[in-house]
Number of protein chains: 2
Amino acid sequence: MANDKVTSNDVARLAGVSQSAVSRYFTPGTSVSKKTAEKIRAAAEELGYRPNVLARSLITGRSRIIGLVVAYLENYFYPEVVERLSKALQDQGYHVLVFISSIASENVDQITQEILDYQVDGIVLASANMSSELAARCHASGVPIVLFNRLQDDVRLSAVTSDNRAGGRALADLLVSLGHTRCGYIAGFEGASTQRDREQGFCEGLEAAGLTLFARGVGNFRYDEAQAAARRMFAGPDRPDAVFVCNDHMAFAVMDVLRFELGLAIPGDVSVVGFDDVPPARWPAYNLTTIRQNVDDMVAETVATLMQSIKEGEGAARRVILDGTLVQRGSTAQKTPTDETR
Amino acid sequence: MANDKVTSNDVARLAGVSQSAVSRYFTPGTSVSKKTAEKIRAAAEELGYRPNVLARSLITGRSRIIGLVVAYLENYFYPEVVERLSKALQDQGYHVLVFISSIASENVDQITQEILDYQVDGIVLASANMSSELAARCHASGVPIVLFNRLQDDVRLSAVTSDNRAGGRALADLLVSLGHTRCGYIAGFEGASTQRDREQGFCEGLEAAGLTLFARGVGNFRYDEAQAAARRMFAGPDRPDAVFVCNDHMAFAVMDVLRFELGLAIPGDVSVVGFDDVPPARWPAYNLTTIRQNVDDMVAETVATLMQSIKEGEGAARRVILDGTLVQRGSTAQKTPTDETR
DNA sequence: ACCCATTTTGCATACGTATGAAAGGCTGAA
DNA sequence: TTCAGCCTTTCATACGTATGCAAAATGGGT
């Protein structure tokens with residue numbers, strides 16, 4: 001790899017000081033006289049020297065690398081998370097090592113093993129679950145884990161998520177208040193806490209209004225599977241008058257099927273609501289009513305959780321549940337006769 | 001960090017062999033007897049030992065980390081690239097360390113310095129430029145660089161890109177063949193080779209048909225700026241009858257403005273074409289005619305280029321230019337009177 | 001049993017860096 | 001001028017691992 005590697009020993013030689021002085025010059029909180037510092041600065045600049053982060057990690061036990069596991073970036077929500085999380089950590093002097101897992105999380109344990117090989121200072125799991133065996137392993141290694149937009153029962157796992165249940169509840173309340181009486185639900189991946197909590201909140205909201213779920217499908221967080229679920233749900237004569245789709249990504253698919261395959265009007269014939277408020281939800285083509293996840297705050301809490309765990313070690317796992325925001329747009333409307341004359 | 005770190009010395013002690021034997025057991029191509037191997041395997045398993053990749057890098061000069069610089073993940077094209085590139089490299093035993101740069105690339109040099117601190121085995125620059133000074137630095141360090149979807153004149157920089165110029169040309173030819181005579185163009189970021197080449201090909205195609213560019217705007221690869229550019233382009237009475245938008249991401253914005261703000265029909269009043277064929281281009285809401293970039297082949301070529309450079313050192317920079325594919329969808333149609341009666 | 005060629009093993013060292021401890025240098029007060 | 005306290009520097013070592021080299025072990029042939 002390095003044909004021309006400059007080390008702290010080269011700098012020390014040129015500056016006429018010890019390697020130890022060079023190291024201290026580049027280590028915050030240590031003492032170097034002004035005179036020595038200037039000699040080192042000049043030598044380092046002349047030779048183009050920068051400390052080797054990996055060699056440092058051997059001594060300090062800190063790699064300044066955070067492992068990030070994501071299952072897919074197809075859903076606009078996660079690219080935004082990756083981008084913001086990387087930036088936020090970059091600002092803290094850390095960098096993100098990306099690992100791609102499968103949607104069903106069946107290879108997360110293997111991937112986490114690989115992550116640990118890199119002596120990461122922490123791990124963020126976005127849209128993935130971790131076995132308790134691996135959670136124990138990370139805990140024993142002192143590597144903090146933060147679940148992003150997921151919850152697990154393991155007390156060793158910190159988590160930052162939106163209040164998915166309250167979000168689902170709010171969407172049910174909204175649809176009921178708009179006069180909807182036959183509400184359907186299209187689920188994400190059944191093994192995900194986000195899917196479970198959103199559905200739970202939604203059903204609770206319906207129940208509070210004396211309703212039950214009118215129809216249910218499964219989209220597995222995939223555009224094509226959500227399309228298929230919508231086709232099935234709307235195949236017969238008994239159709240929902242509103243659909244809560246577990247996330248925006250799938251909601252776009254459902255909307256596309258309803259409009260372009262079935263010739264239905266949204267919200268005239270059926271209201272559609274999603275969850276996330278990813279960019280296309282705001283685009284006029286979709287104009288989707290949804291729950292906005294506050295990605296900035298989630299990222300900030302994730303970084304804060306990681307930094308605290310890294311700094312203080314042990315510590316109890318931290319769970320942060322942030323409120324989402326109901327954003328009402330053009331995919332929902334009052335279900336009244338006047339609605340149909342527009 | 002590690003409270004309970006298991007080293008090869010621990011394994012050696014338990015197995016009753018030397019640390020050297022443990023190391024050889026975990027290093028491909030070295031010799032260990034079956035008897036010794038079994039003792040080491042059992043000890044390593046009992047202790048949960050895995051080699052420390054970072055410590056290894058000190059000896060081998062190989063970190064098995066690839067630095068990836070991306071400017072934004074807002075455009076659906078790049079999340080897909082990150083995902084596939086990460087997977088492809090993961091399969092080769094490498095992992096991607098992500099760095100987020102700004103769109104205008106003004107901080108790429110600083111970021112590249114940081115990347116080099118991690119002793120990366122290679123760097124991929126997606127949608128970013130690198131200064132020749134830094135290119136020289138990487139070259140001196142023996143770190144191969146591959147530009148992804150970008151071209152630069154520096155002979156030290158390998159690149160993998162689509163034939164953007166031919167793609168732009170093909171789109172011009174298509175629009176002309178469909179009878180369009182007033183073709184507009186909305187540019188991406190002016191400092192990007194993709195933007196320059198796509199526009200160049202488009203203008204060459206128009207010129208070959210005896211036409212010139214009817215109108216031009218700049219969208220800087222941003223949804224909101226593309227919206228503004230569309231509003232300006234269609235503000236007066238002299239409007240284009242077709243628009244080539246430099247990438248799909250911006251094309252969606254232009255389509256949204258034309259339809260929902262100006263009440264224009266696509267393709268009845270104006271045809272719109274993009275570049276990339278990102279997932280929403282295939283969605284019925286957009287149904288966009290575009291040039292498909294073969295991401296799988298681009299990723300494969302990028303990985304092949306990196307692996308070759310890492311394995312063989314020096315080597316001449318490699319430039320791979322792949323053909324895109326014209327995908328004709330519902331955003332374009334024949335511009336005839338019969339068109340207007342539908 | 002002996003010899004030879006090959007495989008296997010352990011020793012010693014190095015990779016690039018940070019750090020504890022001891023020694024040296026500097027500064028201010030008596 | 002001397003002394004005490006604090007700052008600065010260097011030496012020696014360690015971090016976890018791979019590898020060159022010499023010695024030991026192994027297996028096959030005579």
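Side chains included, hydrogens not; waters and symmetry mates left out as well; all remaining heavy atoms used.
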Please report the distance, rounded to the nearest Å, between [atom1] in [X] and [atom2] in [N].
X	N	atom1	atom2	answer
B:K35	D:dT26	NZ	C1'	11 Å
B:N52	D:dA14	CG	P	18 Å
B:L58	C:dA18	CG	P	12 Å
B:N9	D:dA18	CG	C1'	12 Å
B:L54	C:dG16	CG	P	15 Å
A:L116	D:dG16	CG	P	15 Å
B:R62	D:dT17	CZ	C1'	17 Å
A:I59	D:dC15	CD1	P	9 Å

Check the orientation of B:Y118 and A:H95. Use parallel for under 30°, tilted for 30 to 60°, and perpendicular for over 60°.
perpendicular
Nearest-nucleotide check on DNA chain D, A:K34 vs B:R56; residue mapping nearer the 5' end is A:K34
Which one, C:dT17, D:dA18, D:dT9, comes nearest to the side chain of A:S33?
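Selected nucleotide: D:dT9.
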Determine yes or no for a side-chain-to-main-chain donor-acceptor pair under 3.5 angstrom, with [X] supplying the side chain and [Y] the backbone.
X	Y	answer
B:S23	B:S20	no
B:Q152	B:M130	yes
B:D121	B:I66	no
B:S18	B:A21	yes

For DNA chain C, determine which residues of residues 10-30 of chain A have any heavy atom closer than 4.0 angstrom to one of its atoms, and list them numerically.
A:Q19, A:S20, A:S23, A:T27
Report yes if a side-chain nitrogen or oxygen of A:S31 is closer than 4.0 Å to either non-bridging phosphate oxygen (OP1 or OP2) of D:dC7; otherwise report no.
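Answer no for this pair, as no side-chain N or O of A:S31 is under 4.0 Å from OP1 or OP2.
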Take atom CD in A:E38; do more than 12 heavy atoms of anything else shown fall under 6.0 Å from it?
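It does: A:E38 CD has more than 12 such atoms within range.
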Heavy-atom count around B:D91 CG within 6.0 Å, excluding the residue itself: above 12?
yes
When you match B:A55 and B:T36 each to their closest nucleotide on DNA chain C, which lands nearer the 5' end?
B:T36
